[in-house]
Amino acid sequence: MRVFVAGASGAIGTRLVPQLIDAGHDVIGTHKSPGGAERVRALGAEPVALDLLDPRAVRQAVLAAEPDAVIHQATALADMKDFKNFDRTFAQTNRLRREGTDALLAAAREAGVRRFVAQSFASYRNAREGGPVKTEADTLDPTPVPAMRETAAAMRYVDHSVSEAGGIVLRYGAFYGAANDGLIEPVRKRLFPIVGSGAGVTSFVHLDDAAAATVLALEHKLAGVYNVVDDEPAPVREWLPVLAKVLGAKPPRHFPRWLARMLAGEVVVMMGTEARGASNAKAKRELGWTPRYASWRDGFAAAYASLGSAERRISGAAVRTSRSPS
Ligand SMILES: NC(=O)c1ccc[n+]([C@@H]2O[C@H](COP(=O)([O-])OP(=O)(O)OC[C@H]3O[C@@H](n4cnc5c(N)ncnc54)[C@H](OP(=O)(O)O)[C@@H]3O)[C@@H](O)[C@H]2O)c1
């Protein structure tokens, strides 16, 4: 197939393009920033500069590419730091999820594209009641934390508009597996605490596993929503100490809810204490997907072991230096 990947230069795009090519597809990959073209070309795809918020440009790019399939992987999350003003942090991504999806769907329809796959998100969205793990058929949180209302609505928009149009929505878990993952620095600096009971559940997925599920989704004929997460949704109090250890960091701090609320906002409190995880049974059953890293336990170790030993070497050297006589 000729596959048009919007967002080919991002965290998931750069893992996906080589897997698509290995599976025998030709890939046209878009980037937004000027430096992206070389990155996309080096992955083996034909690069196209594109702003997904410009519908005319999207139409032109998709029609010119004459693809059989379109995959929407564009987000704008590189500076994701302020969780207190969550919707503000996600504003551009929310536009990519609404306007970007609309533009790609319209262009795909006009170009006679047969397959459409879009990125969505599985963690922190489920109703905060009942058991710790939810399926695609379970209710999403009917009253999201106010600071993330627009973000929750934008994700629902992708889920609904893409599946209504006959496409496939992949609700990925929280990504990990790259040297610049967003969790690494906060965990190393002990800025990521266990909040309250630490019972909030996260579903993770290794980037390579997320890419593998996406390649399989392309071959799948039925429209719908799929959780692409690993086999072990886990509470923060379980996974965070393991991650800190793998990274060679000190164990995480414990914050009471009120302190976390004051410092980081209600969204962080919800994620740390009430969030529910997601089941991957449907993706396994219907897409024939099996994650290589069934648990974040193995995945963190594989992805970060070398970073952790580097950290231990650096801090060991720092201790020796500070003890050396001047
Ligand atoms: N499920 C998850 O946990 C999840 C999901 C998404 C991202 N993240 C995390 O967020 C961090 C940042 O993600 P990222 O590295 O993928 O970067 P990103 O800034 O989110 O960019 C993703 C892709 O979208 C493209 N893009 C951005 N704005 C666009 C626009 N207006 N029109 C068209 N394309 C646009 C980017 O192009 P350029 O590269 O040219 O800017 C890139 O190809 C990573 O650590 C990642 O793991 C996590």
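All of these numbers come straight from a predicted model, not from anything done at the bench. Read the numbers this way: they start at 1 and go in the same order the structure lists the ligands and their atoms.
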Ring geometry between [Y] and [X] (parallel below 30°, tilted from 30 to 60°, perpendicular above 60°):
{"X": "Y176", "Y": "Y304", "answer": "tilted"}
{"X": "F83", "Y": "F86", "answer": "perpendicular"}
{"X": "F204", "Y": "W296", "answer": "tilted"}

Do any N/O atoms on [X] end up under 3.5 angstrom from N/O atoms on ligand 1?
{"X": "F175", "result": "yes"}
{"X": "T75", "result": "yes"}
{"X": "Q73", "result": "no"}
{"X": "L77", "result": "yes"}
{"X": "S33", "result": "yes"}
{"X": "Q92", "result": "no"}
{"X": "G10", "result": "yes"}

Looking only at protein heavy atoms, which one is nearest to [atom], and what is the separation?
{"atom": "atom 16 (O) of ligand 1", "answer": "A11 N, 2.7 Å"}
{"atom": "atom 45 (O) of ligand 1", "answer": "G182 N, 4.0 Å"}
{"atom": "atom 39 (O) of ligand 1", "answer": "S9 OG, 2.7 Å"}
{"atom": "atom 35 (C) of ligand 1", "answer": "K32 CB, 3.7 Å"}
{"atom": "atom 33 (C) of ligand 1", "answer": "L50 O, 3.2 Å"}
{"atom": "atom 9 (C) of ligand 1", "answer": "M80 CE, 4.3 Å"}
{"atom": "atom 34 (N) of ligand 1", "answer": "A74 CB, 3.8 Å"}

Near [X], which atoms of ligand 1 are under 4.0 Å from a heavy atom of that residue?
{"X": "L52", "result": "30 (C), 32 (N), 33 (C)"}
{"X": "F121", "result": "1 (N), 2 (C), 3 (O)"}
{"X": "G7", "result": "23 (C), 24 (O), 43 (O)"}
{"X": "D51", "result": "30 (C), 31 (N), 32 (N)"}
{"X": "Q119", "result": "5 (C), 6 (C)"}
{"X": "L96", "result": "28 (N), 29 (C), 30 (C), 31 (N), 32 (N)"}
{"X": "A78", "result": "12 (C), 19 (O)"}
{"X": "G173", "result": "1 (N), 2 (C), 3 (O)"}

Roughly how far, to the nearest 0.5 Å, is [atom2] of [Y] from [atom1] of [X]?
{"X": "N180", "Y": "I184", "atom1": "CG", "atom2": "CD1", "result": "7.0 Å"}
{"X": "I28", "Y": "E66", "atom1": "CD1", "atom2": "CD", "result": "9.5 Å"}
{"X": "L218", "Y": "Q19", "atom1": "CG", "atom2": "CD", "result": "12.0 Å"}
{"X": "T214", "Y": "I168", "atom1": "OG1", "atom2": "CD1", "result": "10.0 Å"}
{"X": "H220", "Y": "L222", "atom1": "NE2", "atom2": "CG", "result": "4.5 Å"}

With a cutoff of 4.0 Å, is A174 in contact with ligand 1, counting heavy atoms of the residue only? yes

Whether R95 lies under 4.0 Å from ligand 1, heavy atom: no

Is [X] reaching over with its side chain to a backbone N or O of [Y], donor-acceptor style, under 3.5 angstrom?
{"X": "D54", "Y": "A57", "result": "yes"}
{"X": "S120", "Y": "L170", "result": "no"}
{"X": "T89", "Y": "D82", "result": "yes"}
{"X": "D209", "Y": "Y293", "result": "yes"}

Just by distance, no angles: are the side chains of Y226 and N280 close enough, under 3.5 Å, to form a donor-acceptor pair? no

Please list every donor-acceptor pair under 3.5 Å in which a side-chain atom of residues 255-272 meets a protein atom from a residue at least two apart or in another chain.
{"from": "R261", "atom 1": "NE", "to": "E266", "atom 2": "OE1", "distance (Å)": "2.5"}

